Structures are given as C-alpha cells and as structure tokens.
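A short worksheet on the structure shown next.
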There are 2 protein chains.
Amino acid sequence: MKKSLADKIEQYLKVLIDRSENYEIEIQRAELAETFDCVPSQITYVIGTRFNEKCGYYTESRRGGKGFVRITRLDDAEVQAGISRREFFVFLDQIMAMELITENENRMLKHLVVSSFKQVPGEIQNKLFLAIKAGLEDFVDLS
Amino acid sequence: MKKSLADKIEQYLKVLIDRSENYEIEIQRAELAETFDCVPSQITYVIGTRFNEKCGYYTESRRGGKGFVRITRLDDAEVQAGISRREFFVFLDQIMAMELITENENRMLKHLVVSSFKQVPGEIQNKLFLAIKAGLEDFVDLS
DNA sequence: TATATAAGGTCAATGAATGTCAAAGGGGAA
DNA sequence: TTCCCCTTTGACATTCATTGACCTTATATA
C-alpha cells in the first residue's frame, strides 16, 4: 500500500503509544507538523480520523501556552466490555424518538436480540450490543 | 475460446496473488487500467465479477489520494461463513418480497450483520444466522 | 489588569483517487 | 439471422487527503 502522509503520521503515533508507559502520549501539534513538514491541521485530521473513540482511542487537548494533545489507547476492557441489553434498549428508544427508526423496527430489533442472543456466550453479547449500536448509528447516518 | 480483456486482467491479478505472501495484493485502479489500456471502470468490472465473495475473494478499497484496491483470497473457513451469510441475505430478500419486512428493514439488517459480525467467532456466526432467521419468522408472525 | 504571545480548533476549497450506473458493443448458440 | 448475455466505455458521484485562512483559548508579562 502506498502510504499517504496521514498513514505515516498514524503509524508514527502508534509506535509512540506502543512504547509508552500507560498507552498514553502527549504531543505538540505544531511540533509534530514540523517533523512531517505539513500544516498543523493535518495532525488534527489524522487524530480525528484514526484516533477517535470508534477506533479505540480517547483524546484530550488544551490550547494556548503549554498546550498539548493527549492520546490514550483504551484497553481491551474499556473497548470490549460493550454495553448491556438495557443500555442497548434505551438507545433504541432514543433513536426511535428521533425518528431515525420506526416503531416497528424498534420492536423487531428488540425481538431479534432477545430471541437470538440466548445462543451466544455472555461475554460476546455485550460486545455485540455495542457493535450493533455502532452499526445502527452508521446506518441511520446513511439513510 | 477467445480471451476477453476482462479475462486477461483476471489472469494477471491471479498470478500476482499466487506470488504474494498472504494471498493478498494491492493495486491502483487507474494504474492497472493504464497498463491494460482501458478505462478504470473496466478494472472495477473485473473485480466485481471475478473477485467477489462468491468466487472466494474479499476486497477492500480506499478512495482519494493514495487510494488502492486490496484483494484477498479467502481460506475455506471464511468461504463457509460467507455462504451462510449469503443464504441469510437471500432469506431477507424473500421475506421482503412477501412484504413481511420493508426495504428499509432489509437494508438495515444486512448492514447490521456485516458491520457487527466481524467481532464474532466463525462458528457462532452460523448459529446466529439461524437464530436471527428463526427470530424473524417469529416476529413477522406476530405482526 | 490589560495586552501580547503561544498554543490548538474549525471549516471550506481543492485535488486525487475509487465507485456507480446506464448505454452501446460484440460474440456465440439456436 | 437474431437474441441474449457478457464486455466495454464514459459521464458523473462519492470519498479521502491536504492545505490555508481565520477563530478560540490559555499563559506570560508589563
């Protein structure tokens, strides 16, 4: 794969995180931009597309003097713990209230989840709830 | 039989895959089109007809600068999972034709299945397909 | 406290790739 | 010959990356 600049910056940051103590690094946006000879907003772009929560990262930042960007990789527990059935149902009700899905779709999904998940090991269930939630968010975006 | 251009491109790509490390190659659509002196969408056509999941291949791609198309030859287990999924999709299309679910519900379920099931071990996927199918039959009965 | 300086954030424009779709072309079987 | 199905083509759509002008916020200093 021909690596784009964004790919290279991504890789660079991931190496830094791997080598870090707590899977957490702090960078200076402008300085990193200098290193890669690009505009600072390029760094923002990489962080926004490759290090967002969906990708299993959490970021904080501060502006002004002594500013920084901190990137934290969520550990497996945080990423994979997922959400409970109750939380998932609440989510369904919410997006129904927002008219992103119909009442029938809401009922259908609940029914499927209840009737099908008995066959799935417990630890995978919550992961699936989370994945389905993400998939739904995706789907209603597209619609 | 006379070989069409599509056949030649297919053969060319399969040689590349055979020679590759992990049965996986990456190409640039426009570049390959140039090589064969054809329009880029011809490449898309070859990939769509000769390197789809039914044929035992999986493809990914990225648009924009430094974009690419990646073709992976699936192993037997992956092919099996793909078959059960296709059967499930056919089932969805059938009950949509019977107007038991809407077109939107059909699309939604397919989307959820592809986006969520990556996280689930192969053996469980088949069970889930059957369970969801049963759950759906149940649900449309109630409605 | 007021002002200057030093960060990071936002957004829209542009360019570079792939995707989609419908129409036209061509070859083989009946 | 005719018809059907697979190919081939091209116009247009969508997505991703890159850049730069301008905005917001925090700190340092007079």
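Within every chain, numbering begins at 1; the chains are lettered A, B, ... in the order of the sequence lines, protein sequences first and strands thereafter. Every value quoted in this text rests on a predicted model; they were computed, and no experiment measured them.
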**Report entry** Donor-acceptor contact below 3.5 Å, side chain A/Gln42 vs main chain A/Val39
**Finding:**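 Side chain of A/Gln42 to backbone of A/Val39: no pair is present.
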Report task. Ignoring hydrogens and angles, tell me if any N or O in the side chain of B/Glu31 forms a donor-acceptor pair with the backbone of B/Gln28 under 3.5 Å. Result ->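 Here the side-chain-to-backbone pair does not exist.
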Query raised in the report: Distance check: side-chain N/O of B/Thr44 vs OP1/OP2 of C/dT18, anything under 4.0 Å?
Result: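 No, outside the criterion.
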Query raised in the report: Atom CG of B/Leu112 and atom CZ of B/Phe117: how far apart are they, to the nearest 0.5 Å?
Result: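 One finds 9.0 Å between CG of B/Leu112 and CZ of B/Phe117.
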Between [options], which nucleotide gets closest to the side-chain atoms of [X]?
X       : options               : answer
A/Ser4  : D/dT7, D/dA17, C/dT18 : D/dA17
B/Gln28 : C/dG8, C/dA17, C/dG19 : C/dA17
B/Ala6  : C/dT20, D/dT8, D/dA17 : D/dT8

Query raised in the report: Between B/His111 and A/Phe139, how do the two ring planes meet: parallel, tilted or perpendicular, split at 30° and 60°?
Result: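 Tilted: the ring planes of B/His111 and A/Phe139 meet at 30° to 60°.
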Using 4.0 Å as the upper bound for N to carboxylate O, is an ion pair formed by [Y] and [X]?
X        : Y        : value
B/Glu53  : B/Arg86  : no
B/Asp138 : B/Lys133 : no
B/Asp7   : B/Arg50  : yes

**Report entry** Base versus backbone protein contacts along nucleotides 20-30 of chain D [heavy-atom cut-off under 4.0 Å; B, S, -]
**Finding:** B---BBBSS--
Requested in this report: Determine the contact category for A/Ile43: base if any of its heavy atoms lies under 4.0 Å from a base atom, sugar-phosphate if only primed atoms, P, OP1 or OP2 are that close, otherwise nothing.
Outcome: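 Touches nothing.
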Report task. Sequence neighbours left out, what passes ring pair (Phe, Tyr, Trp, His ring centres under 6.0 Å) with B/Phe68? Give chain and number order. Result ->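 Ring pair (Phe, Tyr, Trp, His ring centres under 6.0 Å) check on B/Phe68 returns nothing, list empty.
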Requested in this report: Mind listing the residues from residues 45-52 of chain A sitting with a heavy atom below 4.0 Å of DNA chain D? Number order is fine.
Outcome: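 Close to the strand are A/Tyr45, A/Arg50.
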